[in-house]
Amino acid sequence: MFDMVTNLISEKKIPTLDTLQMEALLHYLFTATPREFCTQVAEVAYRYDRDHPRATDLFLASALPLAKGAALRRATRIFVHPSDLQIELMYGGAVDAVIRLSQSRNALKPEANAFRRYLLRAMALGALRAYFRRGENDGIRAAADLTVLATVKSPSRAAVEDEIITWELLDRVTTFPQLRPPVRATLECVRSLGPDHALKQHTFTASGDPDAWKRERGRRPILDPKVIAQAMGVEKAKVHQYLREARIILRQAFNQGGKLFVTR
């Protein structure tokens with residue numbers, strides 16, 4: 001098997017093998033091939049015989065074993081005595097980098113050790129990104145006084161529950177009997193268009209308004225009367241009129257106290 005690997009490197013060509021022979025070669029590359037040979041085999045699969053049907057398998061089998069060493073070296077340089085979690089996170093990032101590299105087709109300069117530098121750099125950057133950009137703490141905010149948070153009662157619902165409530169409310173709103181037919185048709189049009197087409201972002205003009213950037217930061221999507229009018233085949237002024245009428249009637253029927261929609 002070692003002779004097969006050395007011939008592959010010298011000829012810069014993946015040999016024609018049957019399924020069992022190829023599986024044996026892949027297993028040998030992944031488990032027993034020295035590190036310097038793994039890099040050279042990966043280069044053959046990446047640069048010289050890319051169109052071979054098993055080139056990707058050969059590249060991964062020879063490059064993935066290098067990811068563990070790259071992650072360990074990077075973690076040791078940064079943390080001196082890295083924890084198992086730190087090594088595991090960096091190892092996962094290095095593996096992801098190898099997989100992304102196998103899917104790329106970047107051309108390399110015809111220089112000595114160009115591929116080796118390219119591969120090692122990709123694994124090192126992947127390891128760093130995976131550790132320092134991990135998102136398990138997204139959404140967590142610091143608080144100066146936890147006793148204050150304990151006394152605040154804020155609603156907390158799952159996204160699925162929110163979606164079910166939204167659709168039930170839409171059903172009730174669009175079939176509300178006190179709405180005139182054109183008003184009901186407008187709401188049904190909004191529902192059929194969906195949020196991807198019926199909504200737009202607020203547009204604030206920055207010129208002459210020094211506070212515009214603050215409003216830009218907190219803006220929310222609103223209904224797009226132009227799109228709704230085009231879908232209904234009416235003038236935009238009519239859509240504004242129907243939406244205003246719907247807001248008045250629905251607010252009186254569903255949200256008189258102003259507590260139906262809770263801002264979180």
On a heavy-atom basis, the closest approach of R47 and A114 is NH1-CB, 4.4 Å
Can you get from I78 to L125 by hopping between Ile, Leu, Val, Met, Phe, Trp and Tyr side chains that sit under 4.5 Å apart?
no
Practice prompt. Take R54 and I14, measure what side chain to side chain contact (heavy atoms under 4.5 Å, CB included) needs, and give me the verdict at the end.
Written response: CA-CA 9 Å; R54 302 301 298 270; I14 301 174; 5.6 Å; no
message: For V5 and L25: C-alpha separation, side-chain torsions, deciding distance, then whether side chain to side chain contact (heavy atoms under 4.5 Å, CB included) applies.
response: CA-CA 8 Å; V5 172; L25 176 59; 3.9 Å; yes
For residues 10-40, the ring-ring contact (aromatic ring centres under 6.0 Å, His included) pairs (sequence neighbours left out) are F2-F37
Are L119 and V95 connected in a single hydrophobic cluster, I mean Ile/Leu/Val/Met/Phe/Trp/Tyr linked by side-chain heavy atoms less than 4.5 Å apart? yes
Original post:
Within a reach of under 6.0 Å around CZ of R184, are more than 12 heavy atoms found that belong to other residues, nucleotides or ligands?
Top reply: yes
### Task
Consider only side-chain heavy atoms of I, L, V, M, F, W and Y, link residues closer than 4.5 Å, and tell whether Y131 and I87 are in one cluster.
no
Check: Is there a donor-acceptor contact under 3.5 Å from the side chain of D18 to the main chain of Q21?
Finding: yes
In terms of heavy-atom contacts, P15 and M4 come closest through CG-CG, 4.3 Å
Hey, is CG on D84 packed in by over 12 heavy atoms from elsewhere, all under 6.0 Å?
no
Residues at least two apart in sequence or cross-chain that pass salt bridge (Lys or Arg N to Asp or Glu O under 4.0 Å) with E245, listed by chain then number, are R180
### Task
Decide yes or no for V234 and I228: does some side-chain heavy atom of the first lie under 4.5 Å from some side-chain heavy atom of the second?
no
On a heavy-atom basis, the closest approach of A185 and M232 is C-CE, 4.2 Å
Next on the checklist: Quick one, Y118 with N106, criterion side chain to side chain contact (heavy atoms under 4.5 Å, CB included). Give me CA distance, side-chain angles, the key distance, then yes/no.
Outcome noted: CA-CA 10 Å; Y118 180 54; N106 298 327; 2.7 Å; yes
One should read off an interatomic distance between C189 SG and Q230 CD, to the nearest 0.5 angstrom, of 10.5 Å
### Task
Side-chain contact test, heavy atoms from C-beta onward, threshold under 4.5 Å: evaluate it for K200 versus I222 and give yes or no.
yes
task: Check whether more than 12 heavy atoms from other residues, nucleotides or ligands sit under 6.0 Å from atom CZ of R50, and answer yes or no.
output: yes
Of all heavy-atom pairs linking P65 and L29, the shortest is CG-O, 4.1 Å
Under the criterion side chain to side chain contact (heavy atoms under 4.5 Å, CB included), I'd like the reasoning laid out for M22 against L58: C-alpha separation, chi angles, the key distance, then a yes or no. CA-CA 9 Å; M22 180 58 72; L58 209 71; 4.2 Å; yes
task = Establish whether F59 and I9 are linked, either directly or via other cluster members, by ILVMFWY side-chain heavy-atom contacts under 4.5 Å.
result = no
Nearest heavy-atom contact between G93 and A130 is CA-CB, 3.3 Å
- prompt: Would V41 end up clustered with L17 when hydrophobic side chains under 4.5 Å apart are linked, directly or stepwise?
  reply: yes
Taken to the nearest 0.5 Å, the spacing of K12 NZ from Q40 CD works out to 8.5 Å
Donor-acceptor contacts under 3.5 Å from residues 69-76 side chains, at least two apart:
| from | atom 1 | to | atom 2 | distance (Å) |
| --- | --- | --- | --- | --- |
| R73 | NH1 | G69 | O | 3.4 |
| T76 | OG1 | L72 | O | 2.7 |

Hits for side chain to side chain contact (heavy atoms under 4.5 Å, CB included) against L199, two or more places apart or cross-chain, chain-then-number order -> P195, P221, L223
Between A97 and A122 the two heavy atoms that sit nearest each other are CB-O, 3.3 Å
d(D224 CG, L193 CG) to nearest 0.5 Å is 9.5 Å
Handout entry: Residue E23 excluded, over 12 heavy atoms near CD under 6.0 Å
Key = yes
Here the gap from R191 atom CZ to T186 atom OG1, rounded to the nearest 0.5 Å, amounts to 15.0 Å
Interatomic distance, CG@L128 vs CE@M90, rounded to 0.5 Å, equals 5.5 Å
CE of M123 to CG of L66, rounded to nearest 0.5 Å, is 5.0 Å
Under a side-chain separation threshold of 4.5 Å, the hydrophobic residues clustered together with L20 are none
Contacts satisfying ring-ring contact (aromatic ring centres under 6.0 Å, His included) that involve residues 80-116 (not counting sequence neighbours) are Y46-F115
